[in-house]
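Below is one structure, written out as structure tokens, with a few remarks after it.
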Amino acid sequence: MLSSRQRARLRALASTMEPVVHVGKDGLASGVVRQTDEALTARQLIKGTVQQNADMDAREACRALAEETGAEPVAAIGRKFVLYRRNGDLPAIDIG
């Protein structure tokens with residue numbers, strides 16, 4: 001579980017990132033979950049976006065993807081969301 005200070009640090013790091021996961025009208029199809037899992041393994045911290053034609057909002061997508069991938073939901077603002085999952089094979093992100 002992340003503290004509010006750690007979440008703030010991760011939100012700051014993610015603010016300049018481009019979204020790598022896009023949830024569309026098909027929702028959380030297996031391809032989106034797989035893509036999210038692979039991105040978290042490669043990067044630890046990712047930003048995603050929910051398209052306007054999707055049936056869910058960013059908060060719902062963030063919670064569902066975090067549950068499916070074992071990640072921590074960091075933020076969900078507007079149509080964007082941020083997820084974090086520590087990967088022991090990569091250098092640790094300094095989250096305080």
Side-chain angles (χ1 to χ4, degrees):
M1 188 62 122
L2 295 171
S3 69
S4 61
R5 176 179 235 158
Q6 291 171 324
R7 284 186 202 287
R9 173 72 177 140
L10 290 170
R11 273 194 314 269
L13 290 171
S15 67
T16 59
M17 296 172 66
E18 291 295 320
V20 295
V21 174
H22 303 278
V23 178
K25 67 178 179 177
D26 293 334
L28 298 179
S30 63
V32 174
V33 175
R34 183 176 36 80
Q35 178 187 10
T36 303
D37 186 54
E38 290 171 359
L40 284 165
T41 300
R43 301 176 184 213
Q44 299 182 83
L45 181 67
I46 63 167
K47 184 185 262 186
T49 187
V50 177
Q51 304 298 318
Q52 287 184 343
N53 61 350
D55 291 336
M56 58 178 42
D57 64 13
R59 187 173 305 273
E60 293 169 333
C62 186
R63 268 194 231 120
L65 284 170
E67 187 176 305
E68 290 284 331
T69 61
E72 290 282 339
V74 175
I77 300 171
R79 297 203 164 271
K80 306 275 194 250
F81 61 89
V82 179
L83 293 171
Y84 170 76
R85 184 178 71 197
R86 175 77 178 100
N87 181 351
D89 296 337
L90 297 176
I93 296 175
D94 179 25
I95 59 172

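Just so we're clear, the structure is a prediction, and the values are computed from it rather than from any experiment. We're numbering straight along the sequence, starting at 1.
Of all heavy-atom pairs spanning F81 and A61, the tightest one is CE2-CB, 4.3 Å. For the pair I95 and R9, the tightest heavy-atom approach, listed with the atom from each and the gap, is CA-CG, 3.7 Å. When every heavy atom of M17 is checked against every heavy atom of K47, the shortest pair comes out as O-NZ, 3.3 Å. Residues C62 and A75 approach most closely at SG-O, 3.9 Å, considering heavy atoms. Closest approach of M1 to Q6, counting heavy atoms only: O-OE1, 4.1 Å. Considering all non-hydrogen atoms of both residues, L83 and A66 come closest at CD2-CB, 3.8 Å.
Under the 4.5 Å side-chain criterion, counting only non-hydrogen atoms from C-beta, L28 is in contact with M56. Two residues are said to be in side-chain contact when any heavy atoms from C-beta on lie closer than 4.5 Å; R85 and D37 meet this criterion. Looking only at side-chain heavy atoms (C-beta outward), L10 and V82 stay at 4.5 Å or farther from each other. Looking only at side-chain heavy atoms (C-beta outward), T49 and V23 stay at 4.5 Å or farther from each other.
In terms of modelled atom types and a separation under 3.5 Å, the side chain of Q35 and the main chain of V20 share a donor-acceptor contact. When atom types are taken as modelled, the side chain of E60 and the backbone of D57 share a donor-acceptor pair closer than 3.5 angstrom.
Distance check, rounded to the nearest 0.5 Å: CD1 of I93 to CG of L45 gives 5.0 Å. Between atom OG1 of residue T69 and atom CD of residue E38 there is a gap of 12.0 Å, rounded to the nearest 0.5 Å. Rounding to the nearest 0.5 Å gives a distance of 6.0 Å between CD of E72 and CZ of R7. Going from atom OG1 of T41 over to atom CZ of R43 covers 12.0 Å, rounded to the nearest 0.5 Å. Between L40 atom CG and I46 atom CD1 the span is 4.0 Å, to the nearest 0.5 Å. With rounding to the nearest 0.5 Å, the separation of CD in Q52 from CZ in R79 is 5.0 Å.
Residues L65 and Y84 do not share a hydrophobic cluster, clusters being chains of Ile/Leu/Val/Met/Phe/Trp/Tyr side chains in contact below 4.5 Å.
In summary, the side chains of R86 and Q44 do present a donor paired with an acceptor at a separation below 3.5 Å, with no hydrogens or angles considered.
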